[in-house]
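Inspection log for the structure reproduced underneath, given as structure tokens.
Atoms within each ligand, like the ligands themselves, are counted from 1 in listed order.
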Amino acid sequence: MSAVTECETMTDSNPRTSVSADSAFVPGDAVVAKLAVAAMCDLHHPVKRRTAEWAAKNLVDPTLPDRDTACRFWPEGWRMAAEHGIQGLMVDPVYGGAGLDVISALLSFEGLGYGCSDAGLAFALSTQVWTMQPLLEQLGTEEQKQRYLPGLADGSLKGAFTITEANSGSDTFSMTTTFTEDNGEYVINGTKAYVTMAPEADVFIVFATKDPKLGQWGVTAFVVDASAPGLTVGPNRPKMGLRTTPFADVSFENVRVGAGDVLGAVGSGAAIFSNAMVAERAFVLAFQIGAMERQLDDAVRFSRQRTQFNQSIGDFQAVAHRLADMKLRHDNSRLQLYRSAMLFVLGRPSMEAAALAKIQASEAAVASSMDAVLTHGAQGYVTEFGVEQDLRNTAGGVVYGGTSDIQRNIVARLLSEGRG
Ligand SMILES: Cc1cc2nc3c(=O)[nH]c(=O)nc-3n(C[C@H](O)[C@H](O)[C@H](O)COP(=O)(O)OP(=O)(O)OC[C@H]3O[C@@H](n4cnc5c(N)ncnc54)[C@H](O)[C@@H]3O)c2cc1C
């Protein structure tokens, strides 16, 4: 999708709350706003700390280096996360979740990122919880929700979100995956690319167009079971980082779905996608902000222990300033994340805040990962010490959920319209 198209399509409306942009705070939202302020000010918020402690105890996998090399997922980690309630954090208790608010869920994901050694697992959980599940919960029919949400929440099912194609990335609505109507049913044809969790997924949210010439106006979202005849998942595609997150293309060859498998209304796919992207693009990085904090703590510890020229390297100003820069980047990322979340829960326009938070957190994570490598010297570069993986894992953040260029386009466009 071109940046211009994205801005024009995005309504910056907020499906999670009925509060309009100009209305006063309602009491429930005010409570969540207070929680957001607490989250911003308290680096050791109890919700975050508890999840970090739990993850550090349970989600540190000694086989990670081997799995990372082999690009292998960790089903046991997924199961333990579900048992702890990660997948069900925001799911309505009617469907087996905890029904928590967005801020509490973000704090939990920060803690998860801090404690879990497997960034690929944390990313996989993140995309399901922040991108796939909210769509199903907000827009799904009762039948769709009953069929999938309890399993997604308890970890027995996994979900994936598919919009990108080989020739349709940022230019999302140039997609060529089509659907045709046939006797009240729909037949999907085409191939989606780079789908997180595709090799493991039991259910897909799939965007297809009635006619590529219609652009954003032709798009409809479907909920498609992985067992649907004609749906095939390609091989796991090795990638630079997040290697333990399975990732593949998904092909649809005359995949037939019923009218009950449409998500939202026929033709509303572009609005669904745009609204989903407004805040989720920032929230998906909460785990990575937690990982940045762990990375900083490790770098501080190392800089105190490592001596050269008969002194701790942390006493060299060059190293100390690097640590201060890492702290600054982490703090800025957190603040932008919770500001964007607070605007979101209050129903205030949050498109710009989310885009800024996405740019800040994703680019800060890459810069700090490079600083961590430099601070650790050769130990930062050699795989067995576990430092270099952060640099590989964070690089994807400037691409997925819309590249940094696209986020800057959004911010610039809003500024030029006087909406920034
Ligand atoms: C780890 C990872 C996980 C992913 N998971 C999923 C998933 O689960 N489901 C899914 O559907 N997709 C997924 N994707 C795909 C992702 O959404 C796309 O990679 C992303 O939208 C960019 O599209 P592209 O790769 O085709 O790059 P392109 O759009 O081809 O961009 C290439 C370059 O051109 C720049 N560019 C393009 N258009 C503009 C413009 N208008 N203005 C300025 N610069 C521009 C980009 O910023 C980039 O630098 C994932 C990608 C990654 C890396």
Quiz item: So which of Asn409, Asp405, Ile163 gets nearest to atom 40 (C) of ligand 1, if we judge by its closest heavy atom?
Solution: Asn409

Exercise. Answer side chain, backbone, both or neither: which part of Thr162 comes under 4.0 Å from ligand 1, heavy atoms only.
Key: backbone

Self-check item: Side chain Lys239, main chain Gly396, donor-acceptor under 3.5 Å
Solution: no

Quiz item: Who pairs with Phe302 by ring-ring contact (aromatic ring centres under 6.0 Å, His included), at least two apart in sequence or on another chain?
Solution: His376

Exercise. Measure Thr131 to ligand 1 on non-hydrogen atoms and call it side chain, backbone, both or neither using the 4.0 Å cut-off.
Key: neither

Quiz item: Backbone or side chain, does any N or O of Tyr400 fall under 3.5 Å from an N or O of ligand 1?
Solution: no

Quiz item: Numbering the atoms of ligand 1 from 1, which are under 4.0 Å from a heavy atom of Thr403?
Solution: 22 (C), 46 (C), 47 (O)

Quiz item: Taking the six-membered ring for Trp, are Phe344 and Phe283 ring centroids under 6.0 Å apart?
Solution: yes

Exercise. Using salt bridge (Lys or Arg N to Asp or Glu O under 4.0 Å) as the criterion, list what pairs up with Asp298, not counting sequence neighbours.
Key: Arg294, Arg301

Exercise. Flag the pair Tyr194 / Tyr400 as yes when their ring centroid distance falls below 6.0 Å, and as no otherwise.
Key: no

Quiz item: Numbering the atoms of ligand 1 from 1, which are under 4.0 Å from a heavy atom of Val399?
Solution: 19 (O), 20 (C), 53 (C)

Self-check item: Proximity flag Thr127 to ligand 1, non-hydrogen atoms under 4.0 Å
Solution: no

Exercise. Counting heavy atoms only, name the option from Phe247, Phe161, Phe204, Tyr194 that's nearest to atom 2 (C) of ligand 1.
Key: Phe247

Quiz item: Yes or no on salt bridge (Lys or Arg N to Asp or Glu O under 4.0 Å) for Arg67 and Asp61, after CA distance, side-chain angles and deciding distance?
Solution: CA-CA 10 Å; Arg67 288 195 299 104; Asp61 175 23; 2.7 Å; yes

Quiz item: Among Asn393, Val195, Thr164, Val250, which one has a heavy atom closest to atom 10 (C) of ligand 1?
Solution: Thr164

Self-check item: Expected output: side-chain Glu165 to main-chain Thr177 donor-acceptor under 3.5 Å
Solution: yes

